[in-house]
Each structure stands twice: as structure tokens, then as C-alpha cells.
Trainee: 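Could you have a look at this structure, given as C-alpha cells, before my questions?
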Amino acid sequence: SQTMLDGTEQSLLAVPLDGSAKVKAQRKRTKMLLAVLSGIYVFGGWGIFYIFESWDLLESLLFTLSILTGIGYGHVAPASSGGMVFSAVYIVCGLVLFSSLAGEVLEWMMEAEISTLMSSVKDFTNGAMETVRLTYEERMQRRKRRHFMVGVINLSVLYIAAVLMMVFYFREDLVSAIYLSAISVMKLDSICLLQGVPCNDEDSSVGSLTFAIVWYVVSFATVGQFMVAASSYLGSDPEVSVSRLHVMNSDRLARMDADHDGKVSRSEFLRDRLLQDGLVDSEVIDAILRNFDRLDKDKSGYISTKDVA
């Protein structure tokens, strides 16, 4: 019996993944690949600039982060031919990597929305149709509002802290502090251009470079989270509905009867509701059904052991 169990487990492991399981496996591999590439990008650039430009480790890390975060540079710039050529390639690769990471963030947001929609569909199947649409919209709006408020609070705290730092540490007047904090926090200018944070080769110190690196990481993460949350909460939100039919008439029957046999099966009803509610395109459903027809070798309308290759 143990041998049979082992054989069953091996046969299950040998079955290739398909559908959502395959997609999840691919997404997991993609996330791992992006994590590895991000590490290679940061530490690789860090090491190469350290070698080509003879910068210390803090200067190399500062320059790498200034490119990755899109803040730009000027306070520290490559002087060697190799460093310049590598910087050009490095910037392009950074754009591609950043776009991929942004795509992962958007995918996470879409998965959250799909999860909420599926919860509403479950309510639909359980007969709580009168609250489905409201429940879905409430859940999505509540989640978006929560993320947006967290972003607002984080950005406000960072900005207030920047103003206080400008006033009490850099001895700026209030108006200048408000202005300098805004352009530094919102990434319009580099923190290294402030008089008290020298980052160039001649005037830089370990303290100023460390401060600039920490500032880049914190401000970039805070502003990035706020922008994503704000675009999701304040941007356009296409309406998704799950409707329920209370009355069947002849026109609806004719529309649902895809095979024109005078009857509407469960699959035909499901196809019609998905199309009418705009949850899926007809081309997608037709492609899935054609796939079913190819697998149904005996054309019985079912896939059975007779159809197994």
C-alpha cells in the first residue's frame, strides 16, 4: 500500500501544471527573477563604479541609488570613459527593471481587486444578490481608501520631518525650509545639492553620504507608495457588476441558446451572464470551448477516460 501511495504521489507530481496553477508558478518564478536581478543591478553597479571611478563604497552606493530612484545625479558623476559608457547602459537597464517592478505592483493591485470580486461572486451563488454589488464596491473602496490614507500620513510625516530638519539643523528660514523640503521630498531636486549635505568628491564625508543614502531610500519608498495609492483611489475605476435575472423571456432564451436546440444549459447560461456583465470577452470563452471540443475526442459533450491519450 505504501508503494501504491508513493506511485500515486509521483504520478501527481508528474502532471504538468496548467490554468491558474501554471500562472501562479510563472508569477512566482518572475518575482524571484526580479528579486535576483534587482540585487545584481544594485550590487553590480555598486562594485563596478567602485572599480572604474575609484570612489569609496558610500559614493558608489549613492550614485547607484540616485540612478535607480530616478533622482538623477550631478553631485557625483563618472569621469572615466568606462564609467560613462557603463552609466549609459546602466540607466537604460534601470528603466527596464523599474518598469518591471512597477508592473509587479500593478499586478498585486489587480489580484486584490479580483479577490474582492470573487468574494462577491460567492455571495451571488449563495443568494445574497441584493448586496453583492454594494459589497464589492464597499470592499474595494475601503481598501483603496485605507492605502491612500496610509500614503497621505507617511508623506505628511516625511514632509514635516524634512521641514523641521531644514529649520533646526540646516538653519533655514521657514519659507526656504518649506520650499527645500518640497523639492527634496517630491524628487524634483537632490538632497545632495543642499549646502549642508556635500556629496561630491572634494567635500563629501561619511556622515553626509550616509544621510543622502538613507534619504533616497526613505523618500523614494514613501513617495512611491503614495503615488500608487493615490492613482488607485483617485483614478478612474471601471465598474464591475454581477447581475441576476429574475425573469426569463423569449428574447433572452434565444440569445442564450448558443447551439439553437431550444434549450439553455448551465454552461450556456454561464456564458451569457459572463458576457452580459462584461466580466470576459466572447473570444476568450470561445477559445476555451474550442479547447474543450478538441479534447472531447468522441464528441460526447464530456471529457472522460475515453478521451485520455
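Only this structure's heavy atoms are used, side chains among them; waters, hydrogens and symmetry mates stay out. We count residues from 1, following the sequence as given.
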Trainee: Test of understanding: with side-chain contact (heavy atoms from CB on, under 4.5 Å), list the residues that count as partners of Leu164, not counting sequence neighbours.
Mentor: Ile160, Phe168
Trainee: Examine distances only and state if a side-chain atom of Asp296 and a backbone atom of Ser300 form a donor-acceptor pair shorter than 3.5 Å.
Mentor: yes
Trainee: What pairs with Arg252 under side chain to side chain donor-acceptor pair (under 3.5 Å), at least two apart in sequence or on another chain?
Mentor: none
Trainee: Taking the six-membered ring for Trp and the full ring for Phe, Tyr or His, determine whether the centres of Phe220 and Tyr216 are under 6.0 Å apart.
Mentor: no
Trainee: Under a 4.5 Å side-chain heavy-atom rule over Ile, Leu, Val, Met, Phe, Trp and Tyr, are Ile48 and Val85 clustered together?
Mentor: no
Trainee: Checking Ser80 against Glu53: is there a side-chain donor and acceptor pair closer than 3.5 Å?
Mentor: yes
Trainee: How long is the gap from OG on Ser282 to CG on Leu274, to the nearest 0.5 Å?
Mentor: 11.5 Å
Trainee: Membership question, hydrophobic clusters at under 4.5 Å side-chain separation (ILVMFWY): are Val218 and Tyr169 in the same one?
Mentor: yes
Trainee: Are any side-chain N or O atoms of Ser181 and backbone N or O atoms of Ala162, one a donor and one an acceptor, separated by less than 3.5 Å?
Mentor: yes
Trainee: Does Val150 share a hydrophobic cluster with Val223, counting links as ILVMFWY side-chain heavy atoms below 4.5 Å and allowing steps through other members?
Mentor: no
Trainee: Got a sec, which residues hit side chain to side chain donor-acceptor pair (under 3.5 Å) with Asp251, two or more places apart in sequence or on another chain?
Mentor: none
Trainee: Looking at side-chain heavy atoms only, is the closest gap between Leu57 and Ser60 below 4.5 Å?
Mentor: no
Trainee: So which heavy atom on Asn154 is nearest to which on Gln225, and how close?
Mentor: ND2-OE1, 4.1 Å
Trainee: Measure the OH-OG distance between Tyr159 and Ser219 for me, rounded to the nearest 0.5 Å.
Mentor: 14.0 Å
Trainee: Return the set of residues passing salt bridge (Lys or Arg N to Asp or Glu O under 4.0 Å) with Arg146 (not counting sequence neighbours), or none when no residue passes.
Mentor: none
Trainee: Just wondering, more than 12 heavy atoms not from Phe43 lying within 6.0 Å of its CZ?
Mentor: no
Trainee: What's the spacing between Trp55 CH2 and Leu61 CG if we round to 0.5 Å?
Mentor: 11.5 Å
Trainee: Just how far is it from atom CG of Leu289 to atom CZ of Arg294, taken to the nearest 0.5 Å?
Mentor: 11.0 Å
Trainee: Taking distance alone, no hydrogens or angles, what donor-acceptor pairs closer than 3.5 Å link side-chain atoms of residues 259-270 to residues at least two apart or in another chain?
Mentor:
| from | atom 1 | to | atom 2 | distance (Å) |
| --- | --- | --- | --- | --- |
| Asp259 | OD1 | Asp261 | N | 3.4 |
| Asp261 | OD1 | Lys263 | N | 3.0 |
| Ser265 | OG | Ser267 | OG | 3.0 |
| Ser265 | OG | Glu268 | N | 3.3 |
| Glu268 | OE1 | Ser265 | N | 2.9 |
| Glu268 | OE2 | Ala258 | N | 3.3 |
| Glu268 | OE2 | Asp259 | N | 3.2 |

Trainee: Asn291 versus Leu295: any side-chain heavy-atom pair under 4.5 Å?
Mentor: yes
Trainee: Quick one: are Leu158 and Trp215 in side-chain contact, heavy atoms under 4.5 Å?
Mentor: yes
Trainee: Residues two or more places apart in sequence or in another chain: which of them pass ring-ring contact (aromatic ring centres under 6.0 Å, His included) with Tyr50?
Mentor: none
Trainee: Indicate the atoms forming the closest heavy-atom contact of Val163 with Ile178, along with that distance.
Mentor: CG2-CA, 4.3 Å
Trainee: Angle between ring planes, Tyr41 versus Tyr90, binned at 30° and 60°: parallel, tilted or perpendicular?
Mentor: parallel
Trainee: Determine whether Phe170 and Ser176 satisfy the following criterion, side-chain contact (heavy atoms from CB on, under 4.5 Å), listing intermediate values before the conclusion.
Mentor: CA-CA 11 Å; Phe170 293 108; Ser176 298; over 6 Å; no
Trainee: Same cluster or not: are Leu62 and Met84 linked, directly or through other Ile, Leu, Val, Met, Phe, Trp or Tyr residues, by side-chain heavy atoms under 4.5 angstrom apart?
Mentor: no
Trainee: List in chain and number order the residues that pass side chain to side chain donor-acceptor pair (under 3.5 Å) with Asp286, two or more places apart in sequence or in another chain; answer none if no residue qualifies.
Mentor: Arg271
Trainee: With distance as the sole test, does Asp56 use its side chain to make a donor-acceptor pair with the main-chain N or O of Leu58 at under 3.5 Å?
Mentor: yes
Trainee: Other than Val36, what residues sit in its cluster of Ile, Leu, Val, Met, Phe, Trp and Tyr side chains whose heavy atoms are under 4.5 Å apart, directly or through others?
Mentor: Ile40
Trainee: Between atom NZ of Lys297 and atom CD1 of Ile303, what is the distance when rounded to the nearest 0.5 Å?
Mentor: 10.5 Å
Trainee: Checking Phe226 now: which residues fulfil ring-ring contact (aromatic ring centres under 6.0 Å, His included) with it, not counting sequence neighbours?
Mentor: none
Trainee: Heavy-atom count check: over 12 atoms from other residues, nucleotides or ligands less than 6.0 Å from Met227 CE?
Mentor: no
Trainee: With the side chain counted from C-beta on, respond yes when Phe49 and Thr64 share a heavy-atom pair under 4.5 Å apart, and no when they do not.
Mentor: yes
Trainee: What closest approach, in Å, do Leu275 and Asp281 show between heavy atoms, and which atom pair accounts for it?
Mentor: CD2-C, 3.6 Å
Trainee: Minimum heavy-atom separation for Ala177 and Glu172, please, with both atom names.
Mentor: N-CB, 4.2 Å
Trainee: Report the residues that fulfil ring-ring contact (aromatic ring centres under 6.0 Å, His included) with Tyr179, sequence neighbours left out, ordered by chain and then residue number.
Mentor: none
Trainee: Can you list, by chain and residue number, the hydrophobic cluster partners of Val157 when the side-chain cut-off is 4.5 Å?
Mentor: Ile153
Trainee: If you round to the nearest 0.5 Å, how far is CG of Leu180 from CE of Met165?
Mentor: 9.5 Å
Trainee: Side chain of Lys299, backbone of Asp293: donor and acceptor closer than 3.5 Å?
Mentor: yes
Trainee: Mind checking what makes side chain to side chain donor-acceptor pair (under 3.5 Å) contact with Ser156, not counting sequence neighbours?
Mentor: none
